[in-house]
Amino acid sequence: ISEQISLWQLIWGYDSMTQHYSLTSIIVMSLLFTFSLIAIYVFIERFLAVQRALQGESDFMNKINEYVSQGKLDTAKSLCQSTENPIARMVEKGINRIGKPMKDITTSVENVGKLEISKLERRLSMLATISGVAPMLGFLGTVLGMVKVFQEMSREKTFEIASLSSGIMEAMITTVGGLIVGIVAYMAYNYLVSKVEKVIH
């Protein structure tokens with residue numbers, strides 16, 4: 001009768017035949033678990049940052065136009081400083097340059113815009129990296145696990161299907177873990193990229 005193992009033991013590569021955990025599985029799954037925590041943190045932090053960038057007063061530009069046309073530049077600057085989004089910071093830079101040539105004003109606003117875009121895109125590359133590395137790390141764990149299975153087969157003149165299948169199952173778990181982390185990170189990355197593009201437009 002084969003011993004039933006829990007999902008937790010399966011994830012961490014418990015071998016019911018040897019009654020030990022696989023070092024390869026522990027290392028690979030620990031790395032994948034770390035990647036998943038990083039991906040979750042980056043997604044939540046970036047999501048909140050992008051949401052803040054999308055928020056703002058609906059009639060913000062109307063008020064700015066009104067204040068500038070009336071010559072109330074200090075009031076317009078105060079409104080920009082109290083509004084926490086990239087557009088307000090860009091407009092504030094433009095207001096500070098009023099009186100200078102249009103080219104200087106345009107360049108200043110564009111520079112602030114580029115800076116704001118780089119702030120919004122910060123850490124997104126980490127999600128892209130995790131989405132690519134996690135599946136490969138899972139495959140690496142599977143290959144190392146299969147090497148171990150074949151080594152055990154070569155040492156024994158006869159082998160049981162049960163021992164072979166348990167070794168293969170242990171090896172495949174890392175692939176499953178890598179694919180899950182990779183897919184989630186990839187979806188999170190694409191979602192955030194689409195939100196950032198919305199802010200840029």
Side-chain angles (χ1 to χ4, degrees), residues 28-140 175-201:
V28 172
M29 296 306 288
S30 296
L31 286 171
L32 289 175
F33 183 68
T34 304
F35 284 165
S36 64
L37 289 178
I38 293 171
I40 290 168
Y41 167 77
V42 170
F43 175 75
I44 293 173
E45 190 269 334
R46 286 293 85 198
F47 177 79
L48 294 175
V50 173
Q51 286 297 106
R52 284 195 298 270
L54 284 169
Q55 289 174 353
E57 295 183 48
S58 57
D59 59 344
F60 172 76
M61 287 308 299
N62 291 332
K63 287 182 178 179
I64 291 293
N65 287 330
E66 183 182 339
Y67 292 145
V68 172
S69 63
Q70 293 173 0
K72 299 177 180 178
L73 297 183
D74 290 336
T75 307
K77 288 178 188 177
S78 298
L79 177 60
C80 291
Q81 290 167 0
S82 63
T83 305
E84 185 60 33
N85 67 28
I87 294 170
R89 288 187 282 272
M90 290 169 66
V91 171
E92 183 185 2
K93 191 71 173 180
I95 292 171
N96 288 330
R97 290 287 188 274
I98 286 178
K100 295 188 177 181
M102 182 58 72
K103 187 177 179 182
D104 290 349
I105 297 174
T106 304
T107 303
S108 298
V109 172
E110 285 177 353
N111 288 337
V112 174
K114 289 174 184 176
L115 185 63
E116 292 298 328
I117 290 170
S118 68
K119 285 180 182 178
L120 289 172
E121 292 177 341
R122 188 173 53 192
R123 298 196 186 97
L124 287 184
S125 59
M126 291 176 68
L127 282 178
T129 302
I130 290 172
S131 70
V133 171
M136 289 192 287
L137 187 62
F139 290 138
L140 176 63
T175 295
V176 174
L179 287 172
I180 290 172
V181 174
I183 289 168
V184 171
Y186 184 69
M187 291 174 64
Y189 171 76
N190 281 314
Y191 176 77
L192 288 175
V193 166
S194 66
K195 296 286 281 185
V196 169
E197 285 178 356
K198 186 178 179 182
V199 175
I200 291 170
H201 290 315

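All values below come from the heavy atoms of this structure, side chains included, with hydrogens, waters and symmetry mates left out. Just so it is clear, the model here is predicted, and its values are computed rather than measured.
Within 6.0 Å of NZ in K195 there are more than 12 heavy atoms belonging to other residues, nucleotides or ligands. Dense packing is recorded around CD1 of I38, with more than 12 heavy atoms of other residues, nucleotides or ligands lying under 6.0 Å away. The number of heavy atoms from other shown groups lying within 6.0 Å of NZ (K72) does not exceed 12.
Distance CZ/R89 to CG/L115: 9.0 Å, rounded to 0.5 Å.
I130 and F35 get closest at one heavy-atom pair: CD1-O, 3.6 Å. Contact between R97 and S108 at its shortest, heavy atoms only, is NE-OG, 3.2 Å. The shortest non-hydrogen separation linking A185 to A39 is CB-CB, 4.5 Å. Smallest separation of non-hydrogen atoms from L137 and V28: O-CG1, 3.7 Å. Listed here is the closest heavy atom pair of F43 and A188: CD1-CB, 3.6 Å.
Proximity of a side-chain donor or acceptor of T107 to a complementary backbone N or O of D104 within less than 3.5 Å is not detected. R123 contributes no side-chain N or O that, together with a main-chain N or O of R46, makes up a donor-acceptor pair within less than 3.5 Å.
Screening I183, L32, V181, L179 against P135 for a side chain to side chain contact (heavy atoms under 4.5 Å, CB included) leaves a single residue, L179.
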message: Run the side chain to side chain contact (heavy atoms under 4.5 Å, CB included) test on I95 and E92 for me, step by step, so that the C-alpha distance in whole Å, both residues' side-chain angles and the decisive distance to 0.1 Å come before the verdict.
response: CA-CA 5 Å; I95 292 171; E92 183 185 2; 5.6 Å; no

Verdict with supporting geometry, Y67 and L73, side chain to side chain contact (heavy atoms under 4.5 Å, CB included):
CA-CA 6 Å; Y67 292 145; L73 297 183; over 6 Å; no

